[in-house]
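A short worksheet on the structure shown next.
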Amino acid sequence: MNDVLERLRTESGQSAEYEELLTADPDALAASLTSAGLPLWARELAAYRLGLAGDRRAFEPLVLLLNHRDAPRCAAAAAALAVLDDPRTARAAAALATNGLRTAYALHPVRLLSALRAPESAPALIATLSRLLAPNDPYWRVALACVEGLGALADPRAREVLVRAQSHPRLAVAATDALRGLPRPQA
């Protein structure tokens with residue numbers, strides 16, 4: 001949390017507006033999210049604080065930040081969404097993780113799906129990993145996060161894709177570990 005706040009303080013130029021948002025009540029934070037002309041750092045700060053407070057008015061802005069090209073923003077949004085505990089979060093993360101046009105930004109949605117352990121988690125991770133097993137796919141970090149997430153979920157539906165992942169040098173060790181954690185197939 002302190003890293004996020006420090007990053008946003010720096011982005012704000014240590015402005016008075018930052019200090020106001022840092023101490024604002026939930027209604028003021030929610031109102032700021034709909035204010036015209038608010039800089040990105042201010043919207044992120046308001047959404048992040050609301051998310052950590054469990055205020056569901058933060059859901060849409062946090063999902064937008066989860067899909068941002070800037071990794072620290074995505075990470076902060078994922079952390080706040082995990083705390084927010086909104087039932088829509090898993091569906092939104094699954095949609096972002098499985099969007100083939102946004103794979104470069106899918107790392108944090110994939111990690112969030114793993115942390116949520118929702119019904120949507122394993123199917124989305126399986127679908128994303130399946131797509132990333134193509135030869136020379138450049139998104140091996142996202143694929144590795146899928147493998148690690150599937151290992152944490154220990155969902156037997158992941159067996160086939162994890163076996164395929166073992167043939168990829170950057171994924172082999174993690175895939176083997178994940179397979180060890182799966183329940184034994186029924187005879």
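Just so we're clear, the structure is a prediction, and the values are computed from it rather than from any experiment. Hydrogens, waters and symmetry mates play no part in the numbers below; they use all other heavy atoms, side chains included.
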Would you say [X]'s side chain and [Y]'s backbone share a donor-acceptor pair under 3.5 angstrom?
X    : Y    : value
R7   : W41  : no
R73  : L66  : no
T98  : A124 : no
Y18  : T10  : no
R43  : S35  : yes
T128 : L125 : no
R91  : E120 : no
R49  : A24  : yes
R157 : I126 : no

Practice item. Indicate whether the side chain of R9 and that of S15 have a donor and an acceptor atom separated by less than 3.5 Å. Key: no

Review point. Does a side-chain N-to-carboxylate-O contact under 4.0 Å join D137 and R170?
Key: no

Between atom [atom1] of [X] and atom [atom2] of [Y], what is the distance when rounded to the nearest 0.5 Å?
X    : Y    : atom1 : atom2 : answer
C146 : L153 : SG    : CG    : 10.5 Å
L84  : Y48  : CG    : OH    : 12.5 Å
E44  : L65  : CD    : CG    : 5.5 Å
R159 : R164 : CZ    : CZ    : 14.5 Å
L29  : L45  : CG    : CG    : 7.0 Å
L40  : E11  : CG    : CD    : 7.0 Å

Review point. Going hydrophobic residue to hydrophobic residue with side-chain gaps under 4.5 angstrom, can you get from L179 over to V173?
Key: no

Study note, to complete from the structure: Per side chain to side chain contact (heavy atoms under 4.5 Å, CB included), V147 is matched among D177, L132, L162, T176 by L162

Check your understanding: Checking side chain to side chain contact (heavy atoms under 4.5 Å, CB included) against L81, which of L116, D86, L62 comes through?
Key -> L62

State, yes or no, whether a side-chain contact exists between [X] and [Y] at a heavy-atom distance under 4.5 Å.
X    : Y    : answer
P156 : R184 : no
L133 : L171 : yes
L96  : Y105 : no
T103 : N99  : no

Practice item. Go through L107 and C74 one step at a time and tell me if the side-chain contact (heavy atoms from CB on, under 4.5 Å) criterion holds. Key: CA-CA 9 Å; L107 183 62; C74 296; over 6 Å; no

Practice item. In sequence, state the C-alpha distance, the side-chain angles, and the governing distance for R57 and L33, and then conclude on side-chain contact (heavy atoms from CB on, under 4.5 Å). Key: CA-CA 9 Å; R57 293 177 287 185; L33 289 173; 5.6 Å; no

Practice item. Verify side-chain contact (heavy atoms from CB on, under 4.5 Å) between E19 and L22, making sure each step is shown before the conclusion. Key: CA-CA 5 Å; E19 296 302 328; L22 192 60; 3.9 Å; yes

Exercise for review: Evaluate the side-chain contact (heavy atoms from CB on, under 4.5 Å) criterion for residues L8 and V4: first the C-alpha distance (whole Å), next the side-chain angles of each, then the deciding distance (0.1 Å), finally the verdict.
Suggested key: CA-CA 6 Å; L8 295 174; V4 173; 3.9 Å; yes

Point to revise | Considering all heavy atoms, the nearest A58-L50 contact | key: CB-CB, 3.6 Å

**Study point:** Heavy-atom pair of closest approach, residues S114 and G149
**Key:** OG-CA, 3.0 Å

